[in-house]
Enquirer: 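I am attaching a structure below and will ask some questions about it afterwards.
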2 protein chains.
Amino acid sequence: MNAKQPSLWIEDLKITPIAMGDPPLLNAAGIHAPYALRIILEMVTNRGIVGLSEIPGGEKIHRAFLKVKELLIGRDPFQLNEIRQLLSENFGNDTSDERGANPWDQRRLVHVFSALEVASLDIMGKLLDRPVVDLLGGAARESVPFAAYLFYKREGAGGTLGYGTDPAATGWAQARQAAALDPQQIVNQAQAMCNEFGFQSIKLKGGALDPTTECDSMIALQEAFGPDVPLRLDPNAIWSLETAISCGKRLEGVLEYYEDPVRGQEQMAKLSQSVSIPLATNMCTTSFADLPESIRLGSEHIILSDHHFWGGLKASMELHRICNTFGRGFSMHSNSHLGISMAAMTHLGAALPTLDYALDTHYPWQAEEVIKGGKIPIEDGAVRVPEGPGLGVEIDPDALSRLHQNYLDCGLTERDDEAEMQKIEPSWRFELVRW
Amino acid sequence: MNAKQPSLWIEDLKITPIAMGDPPLLNAAGIHAPYALRIILEMVTNRGIVGLSEIPGGEKIHRAFLKVKELLIGRDPFQLNEIRQLLSENFGNDTSDERGANPWDQRRLVHVFSALEVASLDIMGKLLDRPVVDLLGGAARESVPFAAYLFYKREGAGGTLGYGTDPAATGWAQARQAAALDPQQIVNQAQAMCNEFGFQSIKLKGGALDPTTECDSMIALQEAFGPDVPLRLDPNAIWSLETAISCGKRLEGVLEYYEDPVRGQEQMAKLSQSVSIPLATNMCTTSFADLPESIRLGSEHIILSDHHFWGGLKASMELHRICNTFGRGFSMHSNSHLGISMAAMTHLGAALPTLDYALDTHYPWQAEEVIKGGKIPIEDGAVRVPEGPGLGVEIDPDALSRLHQNYLDCGLTERDDEAEMQKIEPSWRFELVRW
C-alpha cells in the first residue's frame, strides 16, 4: 500500500541466533538443555536508528526470518499492516505452523511478526526520544511486578556445554545451581530467590514430579511465606481431570491461580466447575482465534499473554482489552529470556491500564546477558520501566558475539526437552497426560 | 505516575464551541436544528506543536472540558493512562453520565477522553513527521470508502438561523436543500449525492416516516442502483419487533445490513432469529461493557464504532480486534461533523487490518468547514488518507471564528431534535417505540 518511497526504511535485518546458559530445569516435556536458544533481531534503518527485538530461537524460526528478510529490506518499519500481509503471504497456508503440545509455542508467523513489531516500536520510540511505554498509552505504573518462578531441577547451573556448578558461587548464584526435588528444596529455592529479588508472588512449574509432591510443595510454600504471598502452580497440562480436581481441592485456599493443570478448553471448563480456584492458561487458549470458545465455555479466568506469541505489544494491549471487557484477568507468560525481552515485557506491563497479577519471568535463571550494563535489576520483585528511548536497552556487541559462539558451539538447533531428558534417562518419554 | 517534569507538556487547551449549518434532516428523535454543535479542541504544547480534535458539542460537554482543563495543563500528552485516570476521578461516579435513548451518545467521560486521545495522536504524529495512520499500524489501504448517507428531510439547507434555501444552488448544493419525503425523492437525493461523491454504498436514515414508506424507499433504491450497490436502513431503534420482522422479511435480498431497527440487545437477538439480514448497531451495543452480552446473545453481526464515543482511535482498533476475534463485522457511525473528525475517521479506517463495509459520514450535508483548504474531497466514494504530519489538517482561524460566532448567535446549547420538531409540529413527541 505504500507506493511512495518511504523516508525511513529497513536497510538490514541482522538475525543472530544465540544460546545462553540455562540450568537443568524440569518440566512436563523433560528438562532444559544446558543452553536455551533465542534470536536477537537488529532492524537497521537508513537513518542509523536500530530497532531491537528478542524472540525464542531455534533453526525453524531462524529459517523463517531468513525467508522473509529480503522481502523486508527497503520497507518502512512503521507499515506493520503491510509487513503482516507480507508474512501471511509467505506463511499463511503453512499448516505445519501450529502451536504444538509442548509447553512452548512453535508458530512461526506470529513469532516473526511479534519480533518485527517490537523492533518497529523500538525505532518509533527512538525517533521520538520516548520510551516504548509512551507509545502504548504511557505508564500506568513506574515499576512492574514479577513473580518468583520456581522449578524442580537437578543440580547444575547450565551454560558450560553441560550442567556444571561453580563451587565458589554464593547467594542466589549458589541457590540457582542447587537441586530442588522435594518440597523443602523448593522452599529453599524460593527463599533464596525472594531474598535476592524481593518477589512478592511465587509460581512453581509443576508437571515434573508426582502430583502429591507438587501439592505438598505448594503447601510448604504457603507455610513458609504465609497466606498473603500469592502462589501459583503450573502442571503444563499434563494432569488428568481427576488428578487436577483432587489436587485442586487440596489447594483451595492455597493457590492464587491454577495454571493449565489439564489440556484443552473443555477440560479446563469442567475443572472450573469442580474447583474454586481461578484457572489461568498459556496452553489452552493461546491465540485470538481461541478466545471465543474460551469465553463461551468459561474455561479460564486469566489469560497469560506473551507478546512473543500474540503478535507483539499492541496486540497484547488488545488482548488486555478483551480480557478486561469479558471479565478475564490478564498476566504474562515467559520463557527463558534476556534483557531485550525483559525490557519489552516491562514496557507492556507498565502500559496496561490494569494489572492484577505479577508477571512470570525466567530471568533470574539466566546468568548471561546480551545488553549493555548487564542484567536489568529486579528490586522488591519489580522492574522499573526503562527510560528509553525506545526499549531503553542497547546490545553489548561482545556479549552478542559470545552468545552467538555459544550457539555455534553447543550444537543445539531446536528446543527439545525430551531429548535432553533421554540423555539422562533413556527410557523417558513425553506424555500428553502423565498423572 | 509521571513524577518527573515532562519534556513535553500541555500548555493550553483551547476549547471552542462551534455551530455549523445543518439541513432539516428527519430522524426518530425529531429534526436537525439549522445548526449542529461541535467542539474544536486545540491542545497547545510547550514546543509549539498543537494537537487538534473535534467532538460532538453542546454545553454539557463544553462544561466537562472546562472542568478538567486546569487539571490537564502541565501534563504530558503522551500519558493517556494518567489522563484517563484523571477523568475517571472527575466523572467516574457521575451516574448521569449515560448514553441516553436518543440516536446520539451523551456520555461525557468517554467523549472527553476520546477527544484528548485524538489530539495527543495528532501531536505524536507531528513530532514524528508521520501521519496518524502510521501510529496505528500503517495504512492497510490508501483511501477509505464511505457510504452515501440519505435522510428524509424537509426543504432547506440550514445554517441561516433557519432552514433557508439558495435559489442559485446547483448540483449537490441544490439537491441537499431539496425536500425528500417519499421514495422517489430519496432516489433523487441518492443520485445527486452519488453523482457528486461517487459513493458505492448507500444508507438511509429511517425511523422518520412510516415503515412501509421507508421499506418502499429501500426497494426503490435497489431498483434505481441495481443489486450490486450495498444498501442499509437505520430506523434508530424506534420500531417494534413485529414491525422490524415484517419489514425485515420484505427487505431480505435488499439490505446489506439492518441497523438498529429495534431497541436493546434482547430484541435485536430475537430479530436476528427471524430475519436473515445481518444486524448492525450503534445504539444497542455502544461500549466495551455492552460487548459480552452482545456476543452471548448474538444480538448483532456488525458493530458501528465511533471513535468519539469508544475512547479514541486506539480503543477503536481494540474494538476492531474484538469484532474480528468474535466474528463480528466492524464499520463506523457518524454524526454531523467537519474535517478534523473526517481526518481522524480516515486515518482509523485506513489502519484497520480488515474493512468489510463502507463507513458512515454526514460530511456531505455540512457545507461549512473549519480546516484550511476547505472540505476534504470525497472521490469515487472514498477519502484519501491525509499525508500528515499527524491528522494532516490545520485549523483555518477565520473559519473557526466564524463558526464560533454561529454558536454564539444561534442560541442552541444542546442538540434537541424533539424541540426543533415541536417548533414545526407542536404536538410532536419522541417515542421509544413509534411503529
Side-chain angles (χ1 to χ4, degrees), chain A residues 1-4 6-8 75-85 88 117 120 123-125 127-131 133-143 287-292 295-296 311-312 314-315 317-322 324-328 350-354 385 387, chain B residues 1-4 6-8 75-85 88 117 120 123-125 127-131 133-143 287-292 295-296 311-312 314-315 317-322 324-328 350-354 385 387:
Chain A
M1 289 283 86
N2 197 41
K4 291 178 308 180
S7 62
L8 178 77
R75 305 271 171 178
D76 176 354
F78 280 61
Q79 304 307 318
L80 292 165
N81 272 312
E82 181 183 83
I83 289 171
R84 185 172 40 222
Q85 180 62 28
S88 292
E117 194 247 14
S120 163
I123 290 168
M124 220 180 281
L127 284 167
L128 276 168
D129 195 22
R130 285 276 183 167
V133 66
D134 283 2
L135 303 173
L136 303 174
R141 54 199 65 80
E142 287 175 355
S143 64
S287 70
F288 287 99
D290 291 338
L291 286 167
I295 300 296
R296 192 183 73 79
K314 286 189 181 177
M317 294 295 292
E318 293 168 356
L319 174 61
H320 182 271
R321 172 72 85 166
I322 294 179
N324 205 272
T325 296
F326 288 87
R328 268 45 176 186
L352 299 170
T354 58
V385 184
E387 295 192 355
Chain B
M1 288 282 87
N2 196 40
K4 291 178 309 181
S7 62
L8 177 77
R75 305 272 171 178
D76 176 352
F78 280 60
Q79 302 306 318
L80 292 164
N81 271 311
E82 181 184 84
I83 288 171
R84 185 173 39 224
Q85 180 61 27
S88 293
E117 195 247 13
S120 162
I123 290 168
M124 220 180 279
L127 284 167
L128 277 168
D129 193 23
R130 284 277 184 168
V133 67
D134 284 2
L135 304 173
L136 303 174
R141 55 200 63 80
E142 288 175 355
S143 65
S287 69
F288 289 98
D290 291 338
L291 286 167
I295 300 297
R296 192 182 73 78
K314 286 189 182 177
M317 294 294 292
E318 292 168 357
L319 174 60
H320 182 271
R321 172 72 85 166
I322 293 178
N324 205 272
T325 297
F326 288 88
R328 267 48 176 183
L352 299 170
T354 58
V385 184
E387 294 193 353

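We name chains A, B, ... by the order of the sequence lines, and we start the count at 1 in each one.
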Enquirer: Which one of L128(A), L80(A), L127(A), I83(A) has the most heavy-atom pairs closer than 4.5 Å to chain B?
Expert: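 Most heavy-atom pairs under 4.5 Å with chain B: L128(A).
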Enquirer: Any sub-3.5 Å donor-acceptor pair from Q79(B)'s side-chain atoms to A139(A)'s backbone N or O?
Expert: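 Yes, because the side chain of Q79(B) sits within donor-acceptor range (under 3.5 Å) of the backbone of A139(A).
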Enquirer: Using a cut-off of under 4.5 Å on heavy-atom pairs, state which of H320(B), K314(B), E117(B), Q85(B) scores highest against chain A.
Expert: K314(B)
Enquirer: In terms of heavy-atom proximity below 4.5 Å to chain A, should L136(B) be classed as side chain, backbone, both, or neither?
Expert: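 The answer is the backbone of L136(B).
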Enquirer: Under 3.5 Å, is there a donor-acceptor pair between the R321(A) and N324(A) side chains?
Expert: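 The answer is no; no qualifying pair exists.
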Enquirer: Please flag which part of R130(A) lies under 4.5 Å from any non-hydrogen atom of chain B: side chain, backbone, both or neither.
Expert: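 Looking at R130(A), just its side chain touches chain B.
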Enquirer: Between the side chain of R75(A) and the main-chain N/O of P6(A), is any donor-acceptor distance below 3.5 Å?
Expert: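 Absent.
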Enquirer: Can you tell if the side chain of L352(B) reaches within under 4.5 Å of the side chain of R141(B), non-hydrogen atoms only?
Expert: yes
